[in-house]
Amino acid sequence: MSKINTPKPVRGTQDIFGPEQEAFGHVVDTFERVRRLYNFRRAEMPVFEPTAVFARSLGETTDVVSKEMYTFDDRSGDSLTLRPEFTAGVVRAYLTNGWQQHAPLKLATHGPLFRYERPQKGRYRQFHQIDAEILGAGEPAADVELLVMADQLLKELGIDDGVTLHLNTLGDPESRAAWREALVAHFEKHRGDLSEDSQTRLDVNPLRILDSKDQRDRPIVDEAPIIDDSLTDEARIFFDKVTAGLDAAGVAWTRNARLVRGFDYYRHTAFEFITDRLGAQGTVLGGGRYDGLVEALGGPHTPSVGWAAGIERLAMLVGEREALAVDAVVIPLGEAAEMAANGIIADLRRHGVTADMAYRGNMKKRMKKANDAGASFAVIIGDDELANGKAAVKDLAAGTQSEVALEDIARKVSRVQ
RNA sequence: GCGAUCGUAGCUCAGUUGGUUAGAGCGCCGGUUUGUGGUACCGGAGGUCGGGGGUUCGAGACCCCUCGAUCGCCCCA
């Protein structure tokens, strides 16, 4: 008598279908189109990697590594991790496949990523990103190209309204170290007035205090030194070239001296496209330059820059979309017609006509199916028509109907004449 | 990991201070129309009230635990 319970989906995972999937697919399709315009090559990487790939590159102390990764031992006892981000795996692939020969290499990819986090709207344990990277390019032109591409992508998705590009520089290692020192000195002076979280940050990741949302931290953060005072001439020139390039390309941006990055490997350019329409999950696309990462994974000095964007968040901004309507729905009536319809619809599809078949229910039912599918035409084949080598083709928008020879149906219902 | 709100048909939601067989709209199925859609009318199926325990004569409503979603924090796309 025990009832069989259907297993529940894993927390933080989602099944995407219907209008939501149409939006999701639209984001991916648009990304694929845009990345071709910029001549980025598509690459596929494994969903899991040796744990060391992420542990070394992201920094052992980051939250992602210390408490958010899906890490497990496989049957041979190797520690593997489901990728929590793209960049580390891309770099690993770059090194182990000898892709250095293609440098500067412009790569694009997309797919699922995994983080053990508290789910919220627009935040999942299995989530999806689109990703673009330029490996082996130390020139500011690479930063500019990526940012212009991101800007065009958001515009082509029609979601640039209310989205702002926040731009900052973290400088070269020398600048960053000097800035970090100045920041620590500043915050140490006010340690007692900082929030508990920021007191912890001061020991672990002092840069993070800058984007604290705690009101108690605001006045101290406002007085904190900005990196401009610590920038080397080289780093300043680099940043100036990036901003000048954006201006030349007509990309709007705003300087945000409080913008920092979560992972240790970032240098120079850091950026986020932030929307005011998604609450706490406002960052819709983010990235920066990671000149130190390839070395952290045992490779030669390879300056690189990249970004990633959450597909779910972009899809939410895009809004629900309807599936594309079919050109024709074939409605066979009677056994002989139903058999013949298999050949007729196959012929339509071979001619590039998007077609579906309504093989269930009475005539009314089948017409309704054609209507619901948004079909331009219903192709009705009864035994009478079949005997004459014809079909009744009804224009569903106009409501008109005419008899068409079987071999002419494809031409009649095709939208590309 | 922390705080808060919520969880009733496939979907969106109603369900008076706990009180008989839990309702609506949409959707689905059937019919009015045995070969003609979008409209209309009629009828029907469909609910472990997230799950478990407790209080009570009696719980969808109250209490506890648990799972999940949502909104913040943390972190991040």
Side-chain angles (χ1 to χ4, degrees), chain A residues 3-14 17-19 27 58 61-69 84-87 110 112-125 127-131 150 195-198 200-201 204-205 208 211-215 260-263 271-275 278-287 306-317 329 331-334 337 358 360-385 391-401:
Chain A
K3 189 184 172 192
I4 297 173
N5 292 310
T6 304
K8 291 185 200 159
V10 174
R11 182 173 199 196
T13 62
Q14 37 174 358
F17 177 73
V27 169
L58 302 186
T61 61
T62 60
D63 277 21
V64 168
V65 170
S66 61
K67 48 191 185 195
E68 294 179 0
M69 294 203 306
E85 59 118 33
F86 273 118
T87 307
H110 66 81
L113 303 168
F114 306 84
R115 285 182 204 169
Y116 189 86
E117 292 183 284
R118 182 72 156 261
Q120 291 178 27
K121 196 171 193 65
R123 157 182 285 191
Y124 305 93
R125 289 185 174 181
F127 59 104
H128 302 78
Q129 287 186 348
I130 51 179
D131 177 271
S195 64
E196 297 76 25
D197 280 336
S198 287
T200 306
R201 291 189 184 104
V204 179
N205 196 350
R208 271 291 167 198
D211 55 10
S212 168
K213 291 168 188 159
D214 197 302
Q215 283 307 315
V260 294
R261 300 275 66 200
F263 300 134
F271 53 88
E272 292 182 14
F273 286 80
I274 300 175
T275 177
L278 291 180
Q281 275 67 246
T283 298
V284 102
L285 184 153
W307 56 251
I311 300 177
E312 286 88 350
R313 291 184 188 178
L314 293 173
M316 280 193 286
L317 292 176
V329 168
I331 301 177
L333 293 162
R360 175 180 294 177
N362 57 25
M363 185 60 166
K364 178 187 166 107
K365 197 88 192 131
R366 298 184 191 212
M367 285 300 290
K368 183 164 162 46
K369 175 173 172 132
N371 193 61
D372 291 346
S376 307
F377 296 92
V379 179
I380 302 158
I381 309 159
D383 291 341
D384 306 344
E385 286 91 349
V393 175
K394 179 165 186 174
D395 182 325
L396 290 174
T400 56
Q401 188 168 320

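As the structure is a computational prediction, the values presented were derived from the model and not from experiment. Labels below follow one simple rule: chain letters A, B, ... track the order of the sequence lines, proteins then strands, and each chain is numbered from 1.
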Results of salt bridge (charged side-chain N to carboxylate O under 4.0 Å, His left out) for Asp211(A) - residues two or more places apart only: Arg208(A)
Pairwise side-chain contact, Ser212(A) with Arg201(A), heavy-atom cut-off 4.5 Å (strictly under): yes
Rounded to whole angstroms, how far apart are CG on Asp211(A) and P on rG72(B)? 16 Å
As a quick check of understanding, evaluate side-chain contact (heavy atoms from CB on, under 4.5 Å) for Asp214(A) and Asp197(A), giving each step before the final call. CA-CA 9 Å; Asp214(A) 197 302; Asp197(A) 280 336; 5.8 Å; no
Sorted by chain and residue number, the side chain to side chain contact (heavy atoms under 4.5 Å, CB included) partners of Ala315(A) (sequence neighbours excluded) come out as Ala23(A), Val27(A)
Taking atom P in both rC67(B) and rC28(B), what distance in whole Å separates the two? 37 Å
For nucleotides 33-45 of chain B, 5' to 3', base contacts (B), sugar-phosphate-only contacts (S) and non-contacts (-) with protein non-hydrogen atoms under 4.0 Å give --BBBB-------
Whole-Å gap separating P (rC76(B)) and CE (Met69(A)): 14 Å
Give Gly122(A) one of three labels, base, sugar-phosphate or nothing, depending on what nucleic acid heavy atoms sit under 4.0 Å from its own. base
Sequence-aligned protein contact record of nucleotides 1-8 of chain B, with B where the base is within under 4.0 Å of a protein heavy atom and S where only the sugar-phosphate is: BBB-----
For Watson-Crick and G-U wobble pairs within 3.5 Å on both distances, what is RNA chain B written in dot-bracket notation, | included for inter-strand pairing? (((((((..((((.....[...)))).(((((.......))))).....(((((..]....))))))))))))....
On a whole-Å scale, what distance lies between the C1' atoms belonging to rU12(B) and rU16(B)? 22 Å
To the nearest Å, how far apart are Asp214(A) CG and rG72(B) P? 17 Å
rG23(B) and rC41(B), which share atom name C1', separated by this distance in whole Å: 22 Å
Could you pull out every donor-acceptor pair under 3.5 Å between side chains of residues 392-401 of chain A and any protein atom, sequence neighbours left out?
unit_1, atom_1, unit_2, atom_2, d
Asp395(A), OD1, Ala397(A), N, 3.0
Asp395(A), OD1, Ala398(A), N, 3.0

Applying salt bridge (charged side-chain N to carboxylate O under 4.0 Å, His left out) to Arg123(A) and not counting sequence neighbours gives Glu117(A)
Thr13(A) meets the side chain to side chain contact (heavy atoms under 4.5 Å, CB included) criterion, sequence neighbours left out, with Pro9(A), Val10(A), Gln126(A)
How would you label the contact of Arg201(A) with the nucleic acid (heavy atoms, under 4.0 Å): base, sugar-phosphate, or nothing? sugar-phosphate
Describe the nucleic acid contact of Gly18(A) in one word from base, sugar-phosphate, nothing, applying a heavy-atom distance below 4.0 Å. nothing
Rounded interatomic separation in angstrom, taking CG from Asp197(A) and C1' from rC76(B): 15 Å
Which residues pass the salt bridge (charged side-chain N to carboxylate O under 4.0 Å, His left out) test with Asp372(A), not counting sequence neighbours? Lys368(A)
What is the distance from NZ of Lys8(A) to P of rG52(B), rounded to the nearest Å? 10 Å
Measure from OH on Tyr124(A) to C1' on rC75(B) and round the result to the nearest Å. 17 Å
Sequence neighbours left out, what passes salt bridge (charged side-chain N to carboxylate O under 4.0 Å, His left out) with Lys67(A)? Give chain and number order. Asp63(A)
For rG68(B), does either OP1 or OP2 sit under 4.0 Å from a side-chain N or O belonging to Arg11(A)? yes
Taking only the P atom of each, what is the distance from rC62(B) to rC26(B) in whole angstrom? 31 Å
Rounded distance in Å between the C1' positions of rA59(B) and rA22(B): 13 Å
With rounding to the closest Å, how many angstrom separate the C1' atoms on rA24(B) and rG37(B)? 28 Å
Can you check the distance between rG72(B) and rC65(B), where both ends of the measurement are the C1' atom (answer in whole Å)? 25 Å
Taking side chain to side chain contact (heavy atoms under 4.5 Å, CB included) as the definition, give me every residue that meets it alongside Met363(A), ordered by chain and number, with sequence neighbours left out. Ile331(A), Leu333(A), Met367(A), Ile380(A)
Partner residues of Ala150(A) under the side chain to side chain contact (heavy atoms under 4.5 Å, CB included) criterion, sequence neighbours left out: Phe273(A), Leu285(A), Trp307(A)
Assign each of Thr13(A) and Ser212(A) the nucleotide of RNA chain B bearing its closest heavy atom; nearer the 5' end lies the nucleotide of Thr13(A)
Give the C-alpha distance, both sets of side-chain angles, the deciding distance and a yes or no for side-chain contact (heavy atoms from CB on, under 4.5 Å) between Leu314(A) and Ile130(A). CA-CA 10 Å; Leu314(A) 293 173; Ile130(A) 51 179; 3.8 Å; yes
Expressed as a whole number of Å, how far does the C1' atom of rG60(B) sit from that of rC75(B)? 38 Å
From CA spacing to verdict: side-chain contact (heavy atoms from CB on, under 4.5 Å), Arg125(A), Gln14(A): CA-CA 9 Å; Arg125(A) 289 185 174 181; Gln14(A) 37 174 358; over 6 Å; no
